[in-house]
Amino acid sequence: MTDTRRLHLNAVIFGLGSHEAGWRMPESDPLASTSLDYWIDIALRSEAAGFDALFLGDVLALQQGADRHLSDAMDPFVILSALAAVTSRIGLIGTASTSFDHPFHLARRFASLDHISKGRAGWNIVTSSNALEAQNFGLDAMPEHDARYRRAADVVDAAIALWQSWEPDARHPDKASGCYFDPAKVHAVNHRGAYGGAAGPLNVPRPPQGRPILAQAGASEAGRAFAARYADIVFTVQSTLSEAQSFYRDIKSRAADVGRDPAKVLIFPGIVPIAAPSQAEAEARLAQMNSFAVIEHVLAKLSEFLGANLSGAELDAPLPAEVGAGVPSQSSQSRVAVLVGIARRDNLTLRQLLLRLASGRGHLLAVGTGSTIADTMQHWFEHGAADGFNVMAPVMPADLQSFIDHVLPILQQRSLAAPSVGTNLRQRLGLD
Ligand SMILES: Cc1cc2nc3c(=O)[nH]c(=O)nc-3n(C[C@H](O)[C@H](O)[C@H](O)COP(=O)(O)O)c2cc1C
């Protein structure tokens, strides 16, 4: 059977890129992330290249060791609203946490972004996992892992009800009679969930997409159940084909189990591309980035991720055997499994694992020429591991541009990445 699917691509942006030390590269402007020009430049490059969407991550705290690592982050809504004004086609997906915001605020902001962008908004739904975030909202620690997901379901149910509170044709302003909308087509919501309520209706008319695109990245049991129920696109950290295939199958079958069409739940593994005219040049670029990583800082981050104190561990020996045996239940369960899995599978020393974390946070690291990277993407796409990729350039904008120059033309030649069609993001992703 001919595969008529199109490989979808999002450009993911965390700060100046996904490499921990990217801000120290000779070409980087370490202060760029608070400059609107930086965001506009990336948005215009991505849109011109044909990416489906920009995806902005977000964490609601200055992270541990922030004096050694760029972790400041402006509000994605503000950035995406500004980008809506200078772009016309690319999707605008922003991260917002269900743990610290009211569903009315969330529904209203995403509906507003969807209107001003003419149907290009997406919400990366996160539950947050970092105690520093909890402390910024008056809590001592994050609520328990599965309770966060229960709250997320409640918040998203309320947001969906609020988006639907206006029927699509409710507004028929009649200047002659003075009737602005048909009151029979704007409804109360009366959402009364365990975690909060909203009477409704929303004070923003039905968003152009009906419902902004919902993205999600949890991979624990609770996270997968949530994704199967709500997500249009699922971001995932996968570093091997077989694990990616098993995740893909699992989410698609869970979607079918809850009565959804599995083809309408798109799976996007993250890929960290370092593309160059030759393999040697790509590897040299990775080595250069890694040479800027501050090992003690990355060690502290890994300890935090794994819930294990690694400060005294031997850097040039394998990861201590006991690490990862008992996955800390309150943190990002999937990330722990991925990182420990990479270390054990590739027989990495602790130092090598630290550099893997610094360079790609455990995502698929693709270092090579345009054709070798395109081969990997095509293989994953055609072998049940991916419907698209979250392209996480390690250093912005240089590695995004290298991906555009070296990898994209090959994907296009192979008819894998073609310009998307449709009037809004949902249609362009084939989800309508
Ligand atoms: C590609 C990707 C991007 C993510 N971006 C964010 C983010 O921007 N902010 C955030 O708080 N969490 C982010 N997460 C974390 C997830 O939202 C989720 O909390 C995490 O994967 C743990 O879920 P789990 O415990 O169900 O595995 C991201 C995860 C992945 C895989």
Side-chain angles (χ1 to χ4, degrees), residues 9-15 17-18 53-63 71-77 79-80 93-101 122-134 136-137 142-153 155-156 214-231 233-239 243-244 247-248 250-251 254 266-272 304-307 324 327-341 357 360-365 386 388-393:
L9 296 172
N10 292 332
V12 176
I13 320 166
F14 289 98
S18 64
L54 296 169
F55 167 76
L56 269 55
D58 193 38
V59 173
L60 294 165
L62 203 52
Q63 293 172 33
S71 81
D72 45 87
M74 299 196 299
D75 191 317
F77 280 105
I79 300 170
L80 292 175
I93 301 175
T95 297
S97 175
T98 50
S99 293
F100 305 114
D101 226 329
W123 174 9
N124 177 39
I125 304 165
V126 299
T127 59
S128 306
S129 55
N130 188 326
L132 295 173
E133 298 180 274
N136 281 340
F137 293 88
M142 283 303 299
E144 178 262 324
H145 181 272
D146 287 4
R148 298 201 299 265
Y149 275 110
R150 285 195 295 278
R151 182 190 174 104
V155 167
V156 175
L214 300 181
Q216 204 268 342
S220 59
E221 179 57 37
R224 289 175 190 226
F226 183 93
R229 190 162 147 212
Y230 295 103
I233 48 189
V234 182
F235 296 128
T236 174
V237 194
Q238 301 292 339
S239 62
E243 284 165 11
F247 180 83
Y248 186 99
D250 182 57
I251 295 291
R254 284 171 189 255
L266 304 177
I267 313 293
F268 283 58
I271 183 168
V272 178
E304 189 190 329
F305 264 139
L306 299 184
V327 169
S329 62
Q330 301 311 321
S331 56
S332 169
Q333 299 181 3
S334 40
R335 195 63 63 101
V336 174
V338 166
L339 289 168
V340 174
L357 176 63
R361 305 170 190 220
H363 287 276
L364 175 65
L365 186 59
F389 285 91
N390 260 355
V391 178
M392 307 175 67

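Counting starts at 1 for both ligands and their atoms, in listed order. Index from 1, following the sequence.
Formation of a donor-acceptor pair under 3.5 Å by the Ser18 side chain with backbone atoms of Met392 is found in this model. The backbone N or O of Phe235 sits nowhere less than 3.5 Å from a side-chain atom of Asn390 that would complete a donor-acceptor pair. Panel note: side chain Glu243, backbone Gln238; no donor-acceptor pair is recorded below 3.5 Å. Ser71 places no side-chain N or O within donor-acceptor distance of the main-chain N or O of Leu62, the cut-off being under 3.5 Å.
Not a single N or O atom of His363, backbone or side chain, sits closer than 3.5 Å to an N or O atom of ligand 1. Taking distance alone, with nitrogen or oxygen atoms compared against 3.5 Å, Ala217 approaches ligand 1 more closely than that limit. For ligand 1, the polar-atom distance check against Val126 finds no nitrogen or oxygen pair separated by under 3.5 Å. Considering backbone and side-chain N/O of Thr236, none are found under 3.5 Å from N/O of ligand 1. Distances between N or O atoms of Ser129 and those of ligand 1 include no value under 3.5 Å. At least one N or O atom of Tyr149 sits closer than 3.5 Å to an N or O atom of ligand 1.
Contact annotation: Ala219 has at least one heavy atom less than 4.0 Å from an atom of ligand 1. Residue Phe268 places no heavy atom under 4.0 Å from ligand 1. The closest approach between any non-hydrogen atom of Arg224 and ligand 1 is not below 4.0 Å.
For ligand 1, the atoms closer than 4.0 angstrom to any heavy atom of His145 are 24 (P), 25 (O), 26 (O). The atoms of ligand 1 that sit less than 4.0 Å from any heavy atom of Thr95 are 7 (C), 8 (O), 9 (N). Counting the atoms of ligand 1 from 1 in the order shown, those under 4.0 Å from a heavy atom of Phe235 are 1 (C). The Val237 neighbourhood of ligand 1 comprises atoms 31 (C), with distances under 4.0 Å to a heavy atom of that residue. Those atoms of ligand 1 that come under 4.0 Å of a heavy atom in Gly57, given as number and element, are 8 (O). Here is the list of ligand 1 atoms found below 4.0 Å of a heavy atom in Gly218: 21 (O), 23 (O), 24 (P), 26 (O). Of all the atoms in ligand 1, the ones that sit under 4.0 Å from a non-hydrogen atom of Gly223 are 26 (O).
When all heavy atoms of Ala96 and Trp123 are compared, the closest pair comes out as O-NE1, 3.0 Å. Closest heavy-atom contact between Ala222 and Tyr149: CB-CD1, 3.6 Å. Of all heavy-atom pairs between Asn130 and Gln63, the closest is ND2-CG, 4.4 Å.
Checked options Asn10, Asp58, Thr95; the residue passing with Asn124 is Thr95 (criterion: side chain to side chain donor-acceptor pair (under 3.5 Å)).
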Quiz prompt | Criterion salt bridge (Lys or Arg N to Asp or Glu O under 4.0 Å) on Arg254 and Asp250, from CA distance to verdict | solution = CA-CA 6 Å; Arg254 284 171 189 255; Asp250 182 57; 2.8 Å; yes
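Salt bridge annotation for Arg151-Glu144: absent, with no cationic side-chain nitrogen under 4.0 angstrom from a carboxylate oxygen.
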